[in-house]
Structure formats: structure tokens, C-alpha cells
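What follows is a short report on a single structure.
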Amino acid sequence: MSRIGVFVCHCGLNIAKTVRVSEVVEFAANLPEVVIAEEYRFVCSTPGQELIAGDIKKYNLDRIIVAACSPLMHEKTFRKVAEAAGLNQYLVTIVNIREQCSWVTEDEDVATKKAKALINGAVYRARLLAPLVSRFIDVNPEVVVVGGGIAGIQTALEIAAVGRKVYLVERTPTIGGHMAQFDKTFPTLDCSACILTPKMDAVLQNPNIELLTYCEVAEVKGFVGNFDVKIRQKARYVDHAKCNACLACVEKCPGKGESEFDEGLAKRKAIYIPFPQAVPQKPVIDRETCTYFIKGKCRLCEKICEQKAIDYEQADSYIEIKAGAIVAATGYDLMDVKPLAQYGYGRYPAVYHALEIERLFNSAGPTAGKVVMRDGREPQSIAILHCIGSRDKNNYEYCSRVCCMYSLKFAHLLKEKTHGDVYQLYIDMRAGGKGYEEFYSRLLEEDVKFIRGKAATVTHRTKNPEEEGKLIVEVDDTLTGKFARIPVDMVVLAPAMKPRADAKDMARMLNLSTDKYGFFMEKHPKLAPLSTMTDGVFIAGACQSPKDIPDTVSQATGAAAEALTIVSKAKMELEAATAMVNAAACSGCRNCVTVCPYSAPSMNEEKGVSEINEALCKGCGLCAAACPTSAIITRHFTNEQVMAEMEGLMEF
Amino acid sequence: MTAFKDIEERLKEKAKDLLEKGEVECVFAYGRGYDERHPRPYVAKTKEDAENLVFNEYCTFNLARYAVKEPRKKIAVAAKGADSRALVQLIQEGKLKRENLVILGIPAAGMVDAKSGLTLDEKTTGAFANPVVYDVLLGDKLPEAKNSPYEVLGELEGLSGDGRWEFWRKEFARCLRCFACRKACPMCYCDPCFMDQSRPRWADKSPTLDGNTMYHLTRFYHLAGRCVDCGECTRACPVDIPLYLFHKRLAKDCEEMFNQAAGMKLEDKPVLVDFRVEDGDEILL
Amino acid sequence: MSSVITPYLEMSQAIAEAGGEAFKKCYQCGTCSGTCPWTPISEFSIRKLVRLSQLGLEGIEDLMWSCSTCKFCVDRCPRGVEIIDLVTSVRNVYAGGGLLPQTLRTLVGSLSSRGNPWSGDQEKRNDWAQGKYPLYAEGMEYLFFPCCTGCYDQRNVSVSRATAELLTRAGLSWGLAGAEVNCCGESVKKVGDYELFDRLKGNNAGIFSGLKARKIITASPHCHFTFKNEYGGAYEVIHITELLAELIKEGRLTPKKDASGLKVTYHDPCYLGRHGGIYAAPREIIAALPGVELCEMDRIREGSICCGGGGGGLWVERMKGERLSDFRIEEAMETGASVITTACPYCIAMIDDSIRTANAEDRIKLKDVTEILIDYLEE
Amino acid sequence: MDFEPKILGIACNWCTYTGADLAGTTRLKYPQNIRVVRVMCSSRINPSFIFRAFQLGADGVLVGGCHPGDCHYGTGNMYARRRLAITKKMLEFAGIEPGRFRVEWISASEGNRFAEVVGEFTGQVKGLGPQTKLKIKTD
């Protein structure tokens, strides 16, 4: 037998105007196991709360029912009152007689009757409630950041700044990401390297950051506060512990490969660092282009290395890390524009994509900063084509957000470097951002020709002698309504930013959802843009959607704060109203394992029954309804509790 | 069509061969009962046992019912059309492993329910003549039934709601709660069954109309999208409740709504632990 | 046009209701008009047509007859606007108002009274066959449907004969559609006369189902498109080039005559290529000629340029310098080819006309793929 | 006296229950035959709850959840949709008027929709009269 106290609130006249409170109280007082029923003008007020606390002690109540406003309003308030009075908070039941009773009818009889039914249901349910104890688990204090572009670098630095250990995992041989490839950044035109390399160096110097380059995440297990992350260290064939970064090996190496960093516009050695300011400064050997690996002979690097750091026998190895939180900052890929044959990329050498032109601008790039085309000429006229693959149903429907601005930047740099004619072919000029519209305005004054129309075709088919030797960009200049043929020396495409080719694999490992393109889904587009559906995993930068550097850095800083809210606690409170399996009743059908979006249930193959990891459980009850044997108990919403409430409600 | 006698011979041969080579620990098939009309499930563990195997038109049992109890052993199972679907469904549910099973497929038409004398076909149960998955086929493939297995529902579907309730009320009222249906069903592997639970108690322990209704409706639901239409429940029922009609109707609903029939493909997921975003709300109307 | 505009949304609504609804998605980027082959050579702007429909503005009637429904813009449109549907619905709305140009009136009139666009006598539909080929009867494998143009247009009649001859030599079981069939209706649908289209379709569909046709071979990609996408019958629709390529692969037709030194180019018909997705089959047929050299033009396959004959264009008079086929033969000649091949009666008619008006007969010959195949079939 | 049906509502905490609250906050009026049980997610609803509700004397049962795609738990309502669709078919085949059972996706911002649905559904159930088929006979 339980001892239930019922407290009915007038809420001033909000309830009392339509519900005959005294009649309801009298009704409640006569329900079985109800020891005391009281009414009060404002139960949520301090005296109201004191009334409840007093009655709990006075009548030795072990359940309380508050009939007042919606539980979404004051459930927390009354739970606190109960806890303070020594009653477990889960033994509080709120009956909603305001939002779902007194406010939605004017008929006193009807409202009073419904209030009674609702209280009756609550009494039925309350008898079956059980105290629940919040449990705490230890939290691993470390954070894994996946991706060493500007987003990952920023996140790692912020977390390290408060003294927490960070593992920064980068799959290429250096951190820096796409930003390291850029020459200038819009709209301020600061030199990208000048603002990025100090940060890269800071990563290297920071004792709280363990830099794991040439590494990939192989497996993620566990849950918020307790992740087990397995990292694959790809074989570098160079022992970085021994290497002193003299780079004599690079100089001597006869092997040649296409420089990924220079977008294939230059060669690199088989043993290489991607670019001079790479972090770390120590090289790796690319098996595919190494003479020794191809022909079995050479070993020049080994001969030259005084440190004896070359190790051709090196194999992939694995590093296991325990982490409290994970930040995914895996960035983007540029869309492959070759399939869009109308723009001639790959067919005409004078057609470049955005990252290629970035490298041409860069003084450390393949042309030492001169805009020189593949045939050695300096272009005297250039067309920049916006929205290649973006805002396009046939490719990517979204706006890639950064292309308008970097196209303006290209126009500026091209003007500056070539003094040639520059055309911008755009659909809509999107310059929303601090200083962006001003930058657009500046470019208009720089005598760049803006043509409102999406380029239709890039062709070599000339129509008159002036067009000879040029590429012709065909476009409807929509503002005049005239068809334009623009003869140019060079064409620059602004392709869509798209998710990494393997974003889906990463999403699977981290249990993230992706949108229809493959970008990682945030938990809420407005109110939780850095969180994901998996607690403890956060996202930053272009892996969530196309983004420019300022937005990426802001997100990265935010994601660091999010990760810190988890790892700054030694212990973490777990949801108490979770599900559990009554092993004796489990028939091992696996329904729960199949349906749970949080992977909380798993099969104990030995015992043939399922088990629920309560740290992962969110208490939705999906599994309980899928369980044919009623073996799953959803605490606070058990089958008996729900059905008892139904029974109580249907009595009146 | 291969004669039952020939199938029996091939069954014996194959069973002997498998047992002799040690490829399986035992063979689930049929043995002689007290007369020809009443064969019984039989487990051959040695090649000598294999001599005792029989097959005739009365071998209606769905042996998946027994196979499901041996998830870890390497076993061979004789499986007619619906039986093979049950095995597939059990594999989908992780209850059996394909690699542990040697499925001895039996194309069979003209099976007869010894009790009622009715032929098993699309008008009753077990419409599938050919096994859907097998390792060995012990007879020639048969043409599949031309008519829909759901045509038989027409009469009941033609009744008014009140008429249908009257029909089921009378049927449920006769239920003795002997649980033969669930014991015979290969998909009813739950131990314990929800009906054996005390928390919550879903129905009265004694057979009352209300409790029987709850039991049968819930069991029908648990089998929705899983029932392979073998008809074992109905043949097992001592008071001849036509349970298969309700199962068939839910199978039809699942095919219409989710485009999937139970136990047809190894890679399917049972429909009620699966979803598609494009399921659409019209299914709720 | 007045320089002040007032949106006339009722008209916009009427166009939407006639099936052009997709114009709502357009953001006026100009991809369509930049891609459209008419833009550089005429005043026509498909983008402007979309814009005028969005606001229901006048002026649209001056633009609407130019489009040859070649689908180039539709394939490129980043918004997924079904521009051809829009064009036909604009035509439907305005033609309903009596704005059909004179030349198209002849087309519509002939289709309405005689069931073909060439004012030919219905009973003479199969005269080209000179009684050499059987009519289709139940049990035969293929029903051959030569386009009306292949029945009545002199240049195209020879294509029909070549086709019939190839089918016979391959030993197929086939028969001709009887004289009671009529035009597939593709052009008249694109001209916006939905009602007449439905009538033509109804007659043909009735005949096909009466004959229990299982596989229909079409000579014209326009018939191919229409039977496949608009009729919805329970038969397979096969374009002749698909079938011939298959027959060559199977060894049932083998060109043996030496074609060394022969340079051939191939023009992709819009309705075979972009509408039908068939690019490889005709090229495989050409490649089967022993020693032949296929000299491709610059703009081919998905990027091919229309001859101008689609969407009713065959019946629209155009000024010199505004005929796409004129440009197309120039492009063909640039390749160094001595023969331009194609696989559509409309393309044949348009290109034939261009070659003759340009007096280019001695520089380039026009052959249908079937014709060139039969030329080289035997030594 | 007019027949006043008993209607059981089962609403998910995040969308429909909140939407029902909003109906109250905006002082919309709707028939008060409904009594709502709050669960965390529509996927918590076991079809046996629905059978049970009818046995307990409900004349109608209304289930509310988040719109597909908006489930607080990601995909809960997708499973619920399939389960409840089957439940509906079962009731119909057993001969229980399918109009006594309804599933609606009502978001937290759709207070008016909640009131509207409840109004409509109450009227519909009223028209069907008392549910006696599954109701447990106590006498």
C-alpha cells in the first residue's frame, strides 16, 4: 500500500474558473491509497511548495500527485521539492488540468469530470511508480579531433588551451587542410599562410596536443564520456622518432609523383613533405611512386639518412585511445568537374578549377605565384564561372556559399597579377557576411566585368579571327537578354563543395546521420548546430555544410566548448528513465537490437539474451514496444504503469 | 512431379551421406508414426537412423519449429515451400545461421492434412510448392499455384464489420487456451511467451472471451510480416479455429503496405523492425 | 511591347494548369538560353519565354513557335524545369486562342483529316512498300511502324525501303502496320493540340492492342519516344538502330563490302539521343562497316545540336541563316567526312533540304544509317 | 442524454503533447472526451495498448506523434507508423470499426491542429456509438 498525497492547484482562476477544485479534492481524497488531498491557490509558489514538503513529512507520503499546469511547465520544480523533502523525484506525478483541461473548455461540469478522470489515472499510475536513481559514470578527460584542417586545428588549440589533452588525427602527412593551399583569404586578402602557419606550429608545440598525422580513424566504440577510438597509423616508412627533419632524403630521391598539395600542377618526390611549411616537417614515402617499392632497387634515402630513420619494412600500426568526446572536422572535397563536359575541364588545358588557381597564385606554388597557364602563357583575359555544380538539381542543389566571394578574390588577384580582362559569370552574387558586400563593391570599381548569367558552354569553336586561339564562353547575359560569346585565354571554374568521398563511412563509425548529400547532420539546425544525435560527438566546419573560414573557425571554437562541457566533468549523470532487460523473460529475438537508433541494446550471444547499455539509452521506449515477451522494462513508462494510467482514465 | 516415394529415397540417401561424412550432426525430417497417415517429426543422428526416414503426403509438419531450438549445431532440415520460408525468416531474425543449415528442399504439391483430409494449397495454407532457399533439391521443381493465396479471404472480407466481429468472437470464444497454436508455430519461439508474463498480465489466466481475444490479437500482431503461411497453428488447433485466415490477411497487408512477404529473401529485415522513409502516411488511413 | 508591365497572373495560372507548372522553379540563370541552339542565330530566348510565363506577360506569342523541343536546355537546367512541357502548354493555351501560324495549320489540318502530316491519302500509306512486305498478323514477332514521313516523303521512302529490306534479310518474323494506322502524334502534341493528339493516340493504341503487338519497331525516334512514353501499351518499343546493332552483334547481318577510305560522320537526332538515351547503337552499326572511319563532329551525343525539325519545326518556315541544319552540315563537312548519317526522318528531311539549298551535294552525301548499312551489306 | 464517448489519447512528449499544451495556452476549445496519456515517443506504443484501451472501454483511441522526420529520437515514429498501420488493419479485420482508431502527426507548434483533430475524431466516434465489441463485460 502506498501513501499518496494529491495537491490540486487553482492557478489563481486559470484552473478554478472552470474546474470545481473543492469537488475534485474531495473526489481525490476518497481514492484508494490517497492519504491526503489538498488545494492551494498557487501550488508552484513558495508557500505551495512548503505545503507539499510539509505534507510529505506530516503524512509520511511516498507518492505525490500535483494537479496543476502541464508537466512541461513545472515537473522539474515539483521534483526538486520532493527531493528536498526526502522523496525520490520520480515518485512525483503531474496532472495537467490547466493546458489540457481548464483552458480548453468553458463547461464547468465537463472540466471537473475530466480533472477527476485525469487524477484517477494518475493515482493508478502513481501506485506502480518506482524510485529511480540517477547514476554517474566516470568521464575520460581526453578529446579526439578528427581532421587537421583549420577546423580541427582551431578545436584542438582551444581544448588544449584549458589544459585538456587532445588527439588531433589527420589523414594526410601534414595538417593545414585546404586553407594551407590558399594564397589569400577573402574579403581582407590576408595571406593565408601568414595566419595559418603560426597555428599549425602552435599545434606542434602544444604539449597537450598529440598530433597523429598520416592516421585514420579505424573504429569507434563506446559512448559519451567513454569512447574507445582505434586509430590506424599508416606506414610512413620513415621512423619519425629518429628523423631529424634534415630532408636530405627528399633532395636525393629520384622518384616522382604528382603533388596532391599542388593539385597535380607540380611534381613531388616519392619521399616527401607536402609543402615547405608542412607540420610535421618529417617526410613519408609514397609506395606508389617510390623506385625501391616499384623496382626493388634504389634505397637512396636509406643511404643518405644519417639517423637511420628509413624503414622499408614498416607496416600500418594501431593506436588505441580513450576519449570523453569526439569532434569531427573532416572538411570537404571539391566536386570533380570533368563529367560536366560543357565546361571543357580536362579537355581544354586552359580551364582550371578553383583549387588549381589558388596554387597558381601562391608564391610557394608551382609557378612561384605567377599566373602562368599550362602552356606557359600569361592569360590576358579570364572568365570565372560561378555555380559549377552548385545550385544545380543535376549535381548539388545547395549553394556552396564560398564561391561568390573567392571568385571575387580571384578576380582581384588576376587583375593585380595579369592586368588582363576578368569576367565574372554569376547567377546571383551572394555577399552576405562581414565585409563581403564591401568587397564586392570594391571589385566593381576594379573594372571586373560582371555578367549575370550562368555560363552555358566553353568551346574552342571560333566564329571570327578575333576569337582564334581563344576559348569561347557562351552565355545568355540575362540583363540584356543577349547571347554573349566571350573569348578568353583562361577559364576558372568554381565547383561545388561536397562532402568527403568517404563521409558516409566516417558517419557510420561515429554513428552520425548524414543529409541526402552526405554532410553530417547536426542535432538541431538552429539550437544545436554543433551537436549530433550521438551524445559526445560534435561537428565543426565544412563536414556539416559548405562554409567559409570565419564560420568554420567560429564553429570549431564552439565545438571545442561543447567537447569541454563533457570532459571538464569527472563524472556524468545518466538518464535515469532508461530501459532494461529482464533477462529471464528475454527470448533473444533481437528486435530491440535491430530497432534502437542509439545501439543501446546488444546481444549477449553466450546467454542468448539482449542487454541494454544504459549509458546509451535515451528512454524512448522503442525497444519495449518491439519486445514480444515484455522483457524490456522502460523505467518510468513500464507496461504496467502506462496501462494502469489508461485504466484509471477510462473509468470516468 | 517427383513421386513422394522417390523423394523419400533421396531424403534417406542424402541424410546418410551427410551423416556419414559428418557434415551435419543430425537431420531433421520425418519418421514413421503409428500408421502411414500419421508420420512424425524425426531426428536422424546416425546413418542407420536415416533408414527410418519417410516422406509422404501427410508429412505436413514444419520442421523449422524444431530447427530453431538448435541454433548452434550444424544440422540438415527437410523443408517444403513454407518450411523453407520459415527457415529464411528465422535466419533474418538471427535465430538460425545459414552456414549451420543444410536445407534439404522438397518441392511438394498435394500434401494432405490427415485430420481434415484437406489438401494444402493456396486455398488453405502452404501455397508455396517450391522451397525458396535450399542446398539440395530432392525433387523436380513444380509450377507455382496460379491463384493468389489471399483469394480465400474474400468471403470474410465481404462481410460487414459487425459480421466479421461476430465470426471472430465465436471463434475466440471457443479457444481453450491450450496453446497448441503457439507450440506448433515455428515463429513462436519466445520463451517465455508474453502470455506467461505476470508483469504485466496481458490477459486472465483462464480462458475467457476477453483474454482469448487479447491473446490471439497480440499473437497475430507478433506474427505480422513473419508468418510464412505453413498452417501448423490451424492444424494443431483442437477446436479448429481458422487462425490462418487472420495471419493471411496480415501477410496480405504487409505485402501491400511494405512490399515484402515473410521469409522470401535472406537479406530482408522483418517488416516491423524496419522502416522506409517513403512508407508514407496513407498506410495509416 | 509597352515598357511598363503588369503581371497577368491568370494567364500564368492557365499555363501552369496546362502542364507548364515547372516554370515556377526557374531562377533565370540563363543556362537554357545559353545552351539553346536558337539563341545565337535568332531573337528567340527560351529563358524569356519562361520569364514571360512566370508573370503571364504578353510577347510570349512571338516566341513560342521557335522551340524545336530538342531537350538540350532541359538536361542542363539546374532547377529541373521541364521546359518542353512549358513550351507545349504555352502553345496549348495560345493555340486554343486561335494563334496557330499558317504553316502549322496545314499540319494540324492534314493530321486531323487524313491522319498524317503530309496530306497523303490514307489508303496509300503503304504504297512505298510496293506490296513486297507482309502486313503484321498475330503471332509475328515484330511490327514495323514506318513514320508517316517514311511513307509519304520521297527522300524518306527510300529509308523505309532500306529498313524493310534489312528486316527481311535478317530473316525476322515481321510485318508492316496496316494503312489504317495514323501519325504517332508527337509533333501535334508538341504543337499544343492535346485533343488531336489523344485522338491519334486512341486510334493507334486500339489497333496495336487489337493486333496483340508485342514488339514494335519504329523508324522514327519521335514515334519511338511517343509509343514508349505517351502510349503506355504492353508492348516493347524498339528503335530500328537498336535492333540492327543487335542483329549485327548476333551475326545475323554482316556488312562485307569494303568501306576503306570512307569517312562518315553521324548526327545524333535529339529524340533518339537526349530523349531516347540511344547513342551507341547507330555508332555500332557504322563501326561495323569494314574499314570505315567515323569522324565525329564536335557537338555530339548529349551535346548534339538539333536539326530544327522537332516540335513542329519541320513545318515552320525559317529564314536563311536561321536554319539549324544549315549549320549542322557545315560542321559535318569540317570533319572531312563525305557522308553524314543520321537515324530520324525529320533530320533526314531537314538535312537533305540544307544540302540542296547549299548546293553541297558533291561535297557531302546524306544517308540514313539503314541506307548505309544496306549499301555495304554485300560485296 | 447524448452519447459522450470516452476517448483515449496517447501522445508523444516532444510533439503532440506539447502541441496539446499549446492548444490550451492559446485557449482553443475542443471536446473534452479525450484523456491523454503521455509517453516519451510514439514508438513506445505497443499495439496491445490499443487493444487494451478498447477492452478498458475506450470508444476511440487517438495516437499522436511527431511528423515523420522530426522524431526527437530520430526514427521512432517511422517504426511506430508501421506498427500502428498494422494495428489499424487488424482492428478492421477483426470487425472493430477502423474509425475508432486514428494516428496523427501533430507538432509542438500545431495547437490548432490538435484541437481540430480531437474535434473531428470525437465527432466521428460519437457517430459510431458506444464500442461494445472489445469492452470487457463486467457483469
Side-chain angles (χ1 to χ4, degrees), chain A residues 14 18 69-73 94 96-107 109-111 113-115 117-118 120-121 125 513 521 523 533 577 579 591 594-598 618-628 630 634 636-637 639 641-643 645-652, chain D residues 4 6-14 17-18 20-50 52-59 61 71-80 83-84 108 111 114-115 118 135:
Chain A
N14 279 314
T18 31
C69 53
S70 170
L72 305 179
M73 198 80 181
I94 308 294
N96 186 344
I97 58 166
R98 192 179 73 174
E99 283 84 345
Q100 297 189 19
C101 185
S102 72
W103 276 351
V104 285
T105 182
E106 276 156 359
D107 186 325
D109 293 336
V110 165
K113 185 180 172 202
K114 182 169 181 181
L118 293 174
N120 196 47
R125 178 169 188 264
S513 20
M521 281 288 280
K523 189 171 185 180
M533 286 301 282
N591 280 359
T594 312
V595 296
C596 178
Y598 307 102
K618 302 274 174 287
C620 66
L622 170 60
C623 56
C627 178
S630 317
T634 322
H636 213 54
F637 290 93
N639 288 323
Q641 287 164 359
V642 175
M643 286 196 292
E645 185 177 352
M646 280 169 27
E647 193 175 347
L649 292 176
M650 288 299 106
E651 273 185 0
F652 292 90
Chain D
E4 285 297 337
K6 280 183 194 170
I7 294 176
L8 183 77
I10 312 182
C12 88
N13 178 63
W14 307 98
Y17 193 87
T18 315
D21 274 2
L22 180 63
T25 322
T26 40
R27 307 298 199 277
L28 299 171
K29 307 294 180 245
Y30 57 85
Q32 292 305 298
N33 306 65
I34 189 166
R35 287 103 175 80
V36 176
V37 172
R38 178 170 66 125
V39 291
M40 294 313 277
C41 177
S42 54
S43 69
R44 172 67 190 93
I45 300 164
N46 190 328
S48 302
F49 288 177
I50 315 292
R52 188 74 182 162
F54 285 120
Q55 289 200 327
L56 292 169
D59 299 300
V61 179
C71 175
H72 182 78
Y73 304 100
T75 51
N77 54 5
M78 298 281 180
Y79 292 101
R83 294 170 181 167
L84 298 170
F114 181 83
V118 172
K135 188 177 179 183

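The figures that follow rest on heavy atoms only: side chains count, while hydrogens, waters and symmetry mates do not. Chain letters run A, B, ... following the sequence lines, proteins first, then strands; residues in each count from 1.
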Requested in this report: Determine the minimum heavy-atom distance between A:Gln100 and D:Ala20, stating which atoms define it.
Outcome: NE2-CB, 3.4 Å

Report task. First locate atom NZ of A:Lys113, then atom CG of D:Asn33, and finally report the distance between them rounded to the nearest 0.5 Å. Result -> 7.5 Å

Query raised in the report: Does a sphere of radius 6.0 Å around CD in A:Glu651 hold more than 12 heavy atoms from other residues, nucleotides or ligands, not counting ones at 6.0 Å or beyond?
Result: yes

Report summary line: Rounded to the nearest 0.5 Å, the CD1 atom of D:Ile34 sits from the NZ atom of A:Lys114 at a distance of 6.5 Å

Query raised in the report: What part of A:Ala626 lies closer than 4.5 angstrom to a heavy atom of chain D: side chain, backbone, both or neither?
Result: both

Query raised in the report: Which pair of non-hydrogen atoms, one from A:Phe637 and one from D:Val39, has the smallest distance, and what is that distance?
Result: CE2-CA, 3.9 Å

Report summary line: Here the pair of heavy atoms bringing A:Thr105 nearest to D:Gln32 is CB-CG, 3.6 Å

Query raised in the report: Distance from D:Leu28 atom CG to A:Trp103 atom CH2, nearest 0.5 Å?
Result: 12.0 Å

Report task. Please determine, among A:Thr634, A:Leu118, A:Val110, the option with the most heavy-atom pairs under 4.5 Å with chain D. Result -> A:Thr634

Report summary line: Pair count under 4.5 Å, heavy atoms only, with chain D: among A:Arg125, A:Met73, A:Glu647, highest is A:Glu647

Query - Side-chain heavy atoms of D:Arg44 within contact of A:Leu622, under 4.5 Å - result: no

**Report entry** Heavy-atom contact with chain D under 4.5 Å, split by part of A:Phe652
**Finding:** backbone

Query raised in the report: Non-hydrogen atoms of chain A under 4.5 Å away: do they reach the side chain of D:Thr26, the backbone, both or neither?
Result: neither

Query raised in the report: Any side-chain heavy atom of A:Asn96 sitting closer than 4.5 Å to one from D:Val36?
Result: no

**Report entry** N/O donor-acceptor pair under 3.5 Å between A:Lys618 side chain and D:His72 backbone
**Finding:** no

Requested in this report: Check whether A:Ser70 gets within reach of chain D through its side chain, its backbone, both or neither, counting any heavy atom under 4.5 Å.
Outcome: both

Query - Euclidean distance, D:Tyr17 OH relative to A:Glu99 CD, rounded to 0.5 Å - result: 8.0 Å

Requested in this report: Side chain from CB out, backbone as N, CA, C, O: work out which of these in A:Leu649 comes under 4.5 Å of a heavy atom of chain D, or both, or neither.
Outcome: both

Report task. For each of D:Gln55, D:Met40, D:Arg38, tally heavy-atom pairs with chain A at distances under 4.5 Å, and name the one with the top tally. Result -> D:Arg38

**Report entry** Minimum heavy-atom distance between A:Ala625 and D:Ser43, given as atom pair plus value
**Finding:** CB-O, 3.2 Å

Query - Min side-chain heavy-atom separation D:Phe49-A:Asn639 under 4.5 Å - result: yes

**Report entry** Heavy-atom pair with the smallest gap, counting every atom of D:Cys41 and A:Cys620
**Finding:** CB-O, 3.6 Å

Report task. Calculate, to the nearest 0.5 Å, the distance between atoms CE and CZ belonging to A:Met643 and D:Arg52 respectively. Result -> 6.0 Å

Query raised in the report: In terms of heavy-atom proximity below 4.5 Å to chain A, should D:Tyr79 be classed as side chain, backbone, both, or neither?
Result: side chain

Report summary line: Counting heavy-atom pairs under 4.5 Å with chain D, the top scorer among A:Asp107, A:Val595, A:Val642, A:Val104 is A:Val104

**Report entry** Reported OG1-to-CZ distance for the pair D:Thr25 and A:Arg98, which is rounded to 0.5 angstrom
**Finding:** 7.0 Å

Query raised in the report: Can any side-chain N or O of D:Lys6 pair as donor or acceptor with the backbone N or O of A:Met650 at less than 3.5 Å?
Result: yes

